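Worth saying up front: this structure is predicted, and the values here are computed from it rather than measured. Letters go in sequence order (proteins before strands), and every chain restarts at 1.
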2 protein chains.
Amino acid sequence: MPSPDRPQHALPYPPSGSTAGTFDRGPGRNGRGRREQILTAAAELFARHGFHGVGIDDIGAAVGISGPALYRHFRSKDAMLGEMLVAISEHLLTGGQAKVDNAPDPQVALRELIRWHVDFALDAPALITVHMRDLANLTDPDRRRVRALQRRYVEVWVDTIRKTMPQVAEPAARAAAHGVFGLINSTPHSAHLDREQMAQLLSRMALAALTTPGVLPDE
Amino acid sequence: MPSPDRPQHALPYPPSGSTAGTFDRGPGRNGRGRREQILTAAAELFARHGFHGVGIDDIGAAVGISGPALYRHFRSKDAMLGEMLVAISEHLLTGGQAKVDNAPDPQVALRELIRWHVDFALDAPALITVHMRDLANLTDPDRRRVRALQRRYVEVWVDTIRKTMPQVAEPAARAAAHGVFGLINSTPHSAHLDREQMAQLLSRMALAALTTPGVLPDE
DNA sequence: CCAGACGGTTAACGAGCGCTAACGGTGCTC
DNA sequence: GAGCACCGTTAGCGCTCGTTAACCGTCTGG
């Protein structure tokens with residue numbers, strides 16, 4: 001890892017601050033908490049140093065265990081990234097779809113969609129970063145799954161955009177949606193406003209970019 | 001490299017399409033062309049597979065030579081990335097600064113700035129991708145240089161934004177600038193429109209996001 | 001109370017990869 | 001035409017890192 005902030009070496013047993021590890025011993029009753037804890041730590045590290053810039057030992061150290069112990073929870077390092085990105089993509093899609101389904105009209109749907117994505121980006125900047133950057137490091141089947149989910153998520157946006165502005169051509173709507181993702185996902189690069197200000201700013205920029213008359217071309 | 005499109009193995013000597021390699025033999029008169037050719041090929045590969053996903057042999061193969069031959073032109077693989085990213089950052093900064101300096105007023109300056117960045121993103125999508133994704137893989141000194149150049153480029157934007165809208169607070173302007181970068185840099189993810197349509201769309205989205213009244217908060 | 005799953009440990013293997021070493025051919029310059 | 005800079009080549013070293021092997025304490029269910 002070339003970057004600074006390399007995680008320290010781990011203590012032989014869970015460090016003081018560890019919440020899990022005391023209540024979830026024994027067969028069967030654990031698993032869930034530990035796996036999530038590992039994925040969270042791994043996401044943070046992947047976001048900072050990139051997938052290949054993080055070693056298995058680093059991830060282990062971040063949760064207070066040693067490298068190879070991770071293989072009790074995941075089949076491989078690739079599987080960690082895969083599970084992480086598939087989970088994000090599914091979360092984004094189902095949440096976005098739900099927002100649209102529950103909205104009374106397309107205008108509200110679009111605002112809700114924007115806010116949904118903004119909230120996610122602000123609450124999980126590490127996941128957003130990894131999601132944007134490390135797609136290329138996925139296994140082929142994992143990448144196919146993630147790509148498929150992404151495509152469906154984009155379609156939700158495209159449909160909503162075209163319902164609010166029926167004269168916009170589909171390719172333009174798709175390109176605009178990608179642009180808005182880029183806009184909103186820029187959040188990890190600028191954390192100088194507080195959360196609510198940032199959410200408002202991004203939401204308004206996104207809405208203005210999409211709905212200002214004359215921006216999206218008529219077909 | 002996990003992804004498809006892995007470059008084929010190279011022929012022992014420059015392939016048919018090679019432009020350089022025939023005219024620039026001998027001591028002294030070459031160098032420039034070859035280095036650029038290598039950086040271009042490397043940028044393309046880095047963009048597709050990530051810095052660590054590309055081997056020295058892959059880069060060599062892409063320009064028709066074998067891996068270690070690259071060390072006749074670059075000190076190390078890190079140096080290639082470093083030179084690449086420093087060059088981009090300088091190019092972006094000096095070009096952007098020039099646009100602002102030559103503009104008659106801030107409004108025009110902002111439009112020119114947007115168009116400048118859009119053109120660059122559309123003409124060099126590989127460089128943009130690498131620039132966004134592989135900053136973490138730079139050597140510490142290289143990263144410092146790139147970061148410094150980026151900061152200055154952002155300042156050009158922040159100044160221009162605040163000259164057109166003096167009531168906007170600096171942190172908000174900075175966050176907005178980052179957002180617009182994300183918007184414009186999303187271009188590699190959506191190449192479904194032709195160049196000019198894409199340029200217009202991105203420029204208008206960016207301008208609307210920045211200048212629509214009520215979007216950027218008053219201080 | 002004991003069988004066994006769970007979830008840790010350390011040691012070590014093997015592959016991949018960046019980089020160096022050693023060497024050779026080509027074409028310019030004096 | 002001797003010398004040399006340039007720019008290739010192949011062989012191989014050494015390190016990093018993902019992964020597996022072998023082993024062990026702890027807690028639980030029958």
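A salt bridge links A:D119 to A:R115: at least one charged side-chain nitrogen sits closer than 4.0 Å to a carboxylate oxygen.
A:R162 pairs by the side-chain contact (heavy atoms from CB on, under 4.5 Å) definition with A:V158, A:E170, A:A173, A:E219, not counting sequence neighbours. Shown here are the ring pair (Phe, Tyr, Trp, His ring centres under 6.0 Å) partners of B:F46, two or more places apart in sequence or in another chain: B:F51. When the side-chain contact (heavy atoms from CB on, under 4.5 Å) test is applied to A:A121, the partners found at least two apart in sequence or on another chain are A:I128, A:I184, A:N185, A:T187. Remark: A:H91 pairs with A:W116, A:F120 by the ring pair (Phe, Tyr, Trp, His ring centres under 6.0 Å) rule, at least two apart or across chains.
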Identify the pairs formed between an N or O of the protein and an N or O of nucleotides 19-22 of chain D at a distance under 3.5 Å, and give each distance.
| residue | atom | partner | partner atom | Å |
| --- | --- | --- | --- | --- |
| D:dT19 | OP2 | A:Y71 | OH | 2.4 |
| D:dT19 | OP2 | A:K77 | N | 2.8 |
| D:dT19 | O5' | A:Y71 | OH | 3.2 |
| D:dA22 | N6 | A:R72 | NH2 | 3.2 |

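At least one side-chain nitrogen or oxygen of A:S66 sits closer than 4.0 Å to the OP1 or OP2 atom of C:dT10. Side-chain nitrogen and oxygen atoms of A:H73 include at least one within less than 4.0 Å of the OP1 or OP2 phosphate oxygen of C:dG8.
Between B:R34 atom CZ and D:dA5 atom P the separation is 21 Å, expressed in whole Å. As rounded to whole Å, 14 Å separates atom C1' of C:dT20 from atom CG of B:L70. Between B:F74 atom CZ and D:dC7 atom P the separation is 12 Å, expressed in whole Å. Rounded to an integer number of Å, the gap from CD1 of B:I65 to P of D:dT10 is 12 Å. Atom-to-atom, CD1 of A:I59 to C1' of C:dG8 comes out at 17 Å; the value is rounded to the nearest Å. One atom, CD of B:Q37, and another, C1' of D:dG8, lie 14 Å apart when rounded to the nearest Å.
Sequence neighbours left out, not one pair with a member in residues 62-82 of chain A passes salt bridge (Lys or Arg N to Asp or Glu O under 4.0 Å).
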